Amino acid sequence: MSSRSHTSSNAVQIRPATPDDTDFILSLTPRFVAFELPKGRRKRETLAAIRADIEHALHEAPPGDHFFVGEDSERHRTGLLHLQVQRDFFSGKRACHVSDLATAPGHDGRGIGRALLAYAETWARKNRCKLLTLSLFPGNTRAHALYERNGFTADLLRMAKPLDR
């Protein structure tokens, strides 16, 4: 991880996460289920799985995982960005996956998500990634709109059918 921080035009500072950011990062996990989930997905178990995945990545620090924190001009933490360097399944090219992106409660609509997404793209380019990917639940309409405004289009549609036991 680079120790340099990045400042966007709207004064959001983005820096590599440190161990001191762990509680803040984990506090944002409810944001990943704060909308209607698809049929068959339960908020409690979905949240537990997301939290466990983030905790694992924070504690194990896999070489392809990179966490960043957004801060405002007063150094209050305002957002989270978790990137994973991978190989694209279809092309085999180096890809950067936006695994997690969230703004802190009370900071929506201030350009933080846009700044984190722009940082992800800049970081991916600097790290020789040829593709920037992300996934989201269909009910996360606010994030969907942000991603479309920033040039993302559907690349692969995953469908699921809950099977009753």
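Please read these numbers as outputs of a predicted model, since none were measured by experiment.
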Side-chain donor or acceptor of Arg110 paired with backbone N/O of Gly106 under 3.5 Å: yes
Closest non-hydrogen atom pair, Gly40 against Pro162: CA-CG, 3.8 Å
Ala115 to Val12 - nearest heavy-atom pair and separation: CB-CB, 4.0 Å
Side-chain heavy atoms of Thr153 within contact of Glu148, under 4.5 Å: no
Rounded distance (nearest 0.5 Å) linking atom CG of Leu47 with atom CZ of Arg41: 13.5 Å
Nearest-0.5 Å distance, CG of residue Leu101 to CZ of residue Phe68: 12.0 Å
Side-chain touch Leu81/Val98, heavy atoms, less than 4.5 angstrom: yes
Lys43 side-chain N/O to Phe35 backbone N/O, donor-acceptor pair under 3.5 Å: yes
Separation between CG of Leu156 and OG of Ser135, rounded to the nearest 0.5 Å: 8.5 Å
Criterion side-chain contact (heavy atoms from CB on, under 4.5 Å) on Phe152 and Leu146, from CA distance to verdict: CA-CA 9 Å; Phe152 285 83; Leu146 169 69; over 6 Å; no
Value rounded to 0.5 Å, distance of NZ in Lys130 from OG in Ser91: 11.0 Å
Side-chain donor-acceptor pair present, His107, Thr78, cut-off under 3.5 Å: no
Geometric class of the Trp123/His66 ring pair [parallel <30°, tilted 30-60°, perpendicular >60°]: tilted
Student check: side-chain heavy atoms of Leu134 and Leu117 closer than 4.5 Å: yes
Derivation and outcome, side-chain contact (heavy atoms from CB on, under 4.5 Å), residues Ile54 and Asp100: CA-CA 9 Å; Ile54 291 172; Asp100 302 291; 3.6 Å; yes
Euclidean distance, Ile50 CD1 relative to Asp53 CG, rounded to 0.5 Å: 8.5 Å
Stepwise side-chain contact (heavy atoms from CB on, under 4.5 Å) check, Asn150 with Arg114: CA-CA 8 Å; Asn150 284 276; Arg114 183 175 60 247; 4.0 Å; yes
side-chain contact (heavy atoms from CB on, under 4.5 Å) between Leu136 and His144, worked out: CA-CA 7 Å; Leu136 71 155; His144 191 188; 3.7 Å; yes
For Glu121, all residues meeting salt bridge (Lys or Arg N to Asp or Glu O under 4.0 Å), sequence neighbours excluded: Arg125
Nearest heavy atoms of Leu83 and Ala120, plus distance in Å: CD2-CB, 3.8 Å
Minimum heavy-atom distance between Ala124 and Leu132, given as atom pair plus value: CB-CD1, 4.3 Å
Check: Asn127 main-chain N/O paired with Arg94 side-chain donor or acceptor under 3.5 Å: yes
Could you pull out all donor-acceptor pairs under 3.5 Å where a side-chain atom in residues 19-33 meets a protein atom, sequence neighbours excluded?
from: Asp21; atom 1: OD1; to: Arg15; atom 2: NH2; distance (Å): 2.8
from: Asp21; atom 1: OD1; to: Arg77; atom 2: NE; distance (Å): 2.7
from: Asp21; atom 1: OD1; to: Arg77; atom 2: NH2; distance (Å): 3.3
from: Asp21; atom 1: OD2; to: Arg15; atom 2: NH1; distance (Å): 2.7
from: Asp21; atom 1: OD2; to: Arg15; atom 2: NH2; distance (Å): 3.3
from: Asp21; atom 1: OD2; to: Thr18; atom 2: N; distance (Å): 2.8
from: Asp21; atom 1: OD2; to: Thr18; atom 2: OG1; distance (Å): 3.3
from: Thr22; atom 1: OG1; to: Pro19; atom 2: O; distance (Å): 3.0
from: Ser27; atom 1: OG; to: Phe24; atom 2: O; distance (Å): 2.6
from: Thr29; atom 1: OG1; to: Leu26; atom 2: O; distance (Å): 2.9
from: Arg31; atom 1: NE; to: Thr103; atom 2: O; distance (Å): 3.0
from: Arg31; atom 1: NH2; to: Thr103; atom 2: OG1; distance (Å): 3.3
from: Arg31; atom 1: NH2; to: Asp108; atom 2: OD1; distance (Å): 2.5
from: Arg31; atom 1: NH2; to: Asp108; atom 2: OD2; distance (Å): 2.9

Non-hydrogen atoms of Gly109 and Arg142 that approach each other most closely: N-NH2, 3.1 Å
Nearest-0.5 Å distance, CD of residue Glu71 to CD1 of residue Ile112: 11.0 Å
